[in-house]
J.: 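Would you mind keeping the following structure in view while I ask a few things?
Throughout, residue positions are numbered sequentially from 1 according to the sequence presented. All of these numbers come straight from a predicted model, not from anything done at the bench.
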Amino acid sequence: MASLKHLFIVCSFSAACAAVQAQDSVPPAISPGIAAKLMVRGELRGLQMVDLRSQRRNDVLVVQAEVLNTDTADTRLYYRFRWLDAGGMQVGDGETWKPLVFLGKQSQFIKGTAYGPQATDFKIEMSAEPR
């Protein structure tokens, strides 16, 4: 009977630890639709994409995304856009990584403009490190 009680306590503790870990882990996007547009390298350290909009201006695709730091620690985000044509092939030479510093609980917008009218879709590559 004592070993059954001990087993129950150990299982309860393990479940509580798993719940805390799941709570600390922030998904990279607030919705599956936004997540489908992301290519995440490593962990985003509390950064989460909370809004994503795109439109064509002068026949060129323009994207704006809002990223939120859900943590109190400062974090450096690196991002770049990959522009794709209707067949899913990359358009242009690819962009360089752009750094952006997020203070604790700060929200910022990132914006990208495609190379030309042949780009009809996009992916956003993201990586993060502590500041």
J.: Checking side-chain contact (heavy atoms from CB on, under 4.5 Å) between Thr75 and each of Leu47, Val67, Leu100, Leu103, which is the one that passes?
T.: Leu47
J.: Identify, with sequence neighbours excluded, every residue that meets side-chain hydrogen bond (donor to acceptor under 3.5 Å, both in side chains) alongside Thr120.
T.: none
J.: Please enumerate all residues that pass side chain to side chain contact (heavy atoms under 4.5 Å, CB included) together with Leu68, with sequence neighbours excluded.
T.: Val50, Thr70, Ser107
J.: How would you list all residue pairs meeting side chain to side chain donor-acceptor pair (under 3.5 Å) that involve residues 26-41, not counting sequence neighbours?
T.: Lys37-Asp121, Arg41-Glu125
J.: For Ala29, which residues count as a side chain to side chain contact (heavy atoms under 4.5 Å, CB included) partner, sequence neighbours excluded?
T.: Ile34, Ala35, Leu38
J.: For Pro27, enumerate each residue passing the side chain to side chain contact (heavy atoms under 4.5 Å, CB included) test, keeping only those at least two apart in sequence or located in another chain.
T.: Gln48
J.: Table please: side-chain donor-acceptor pairs of residues 84-95 below 3.5 Å, with sequence neighbours left out.
T.:
| from | atom 1 | to | atom 2 | distance (Å) |
| --- | --- | --- | --- | --- |
| Asp85 | OD1 | Gly87 | N | 2.9 |
| Asp85 | OD1 | Gly88 | N | 3.1 |
| Asp85 | OD1 | Met89 | N | 2.9 |
| Glu95 | OE1 | Phe81 | N | 3.1 |
| Glu95 | OE1 | Lys98 | NZ | 2.6 |
| Glu95 | OE2 | Trp83 | NE1 | 3.0 |

J.: Arg53 and Gln55: side-chain donor and acceptor closer than 3.5 Å?
T.: no
J.: Taking atom CG as the centre, does Asn58 end up with more than 12 heavy-atom neighbours from other residues, nucleotides or ligands that are less than 6.0 angstrom away?
T.: no
J.: Would Val40 end up clustered with Phe102 when hydrophobic side chains under 4.5 Å apart are linked, directly or stepwise?
T.: yes
J.: I'd like to know if Ile30 and Met49 are part of one continuous hydrophobic network [Ile/Leu/Val/Met/Phe/Trp/Tyr, side-chain heavy atoms within less than 4.5 Å].
T.: yes
J.: Got a sec, which residues hit side-chain hydrogen bond (donor to acceptor under 3.5 Å, both in side chains) with Arg131, two or more places apart in sequence or on another chain?
T.: Asp74
J.: Can you list the residues that meet the side-chain hydrogen bond (donor to acceptor under 3.5 Å, both in side chains) rule with Tyr78, with sequence neighbours excluded?
T.: Glu129
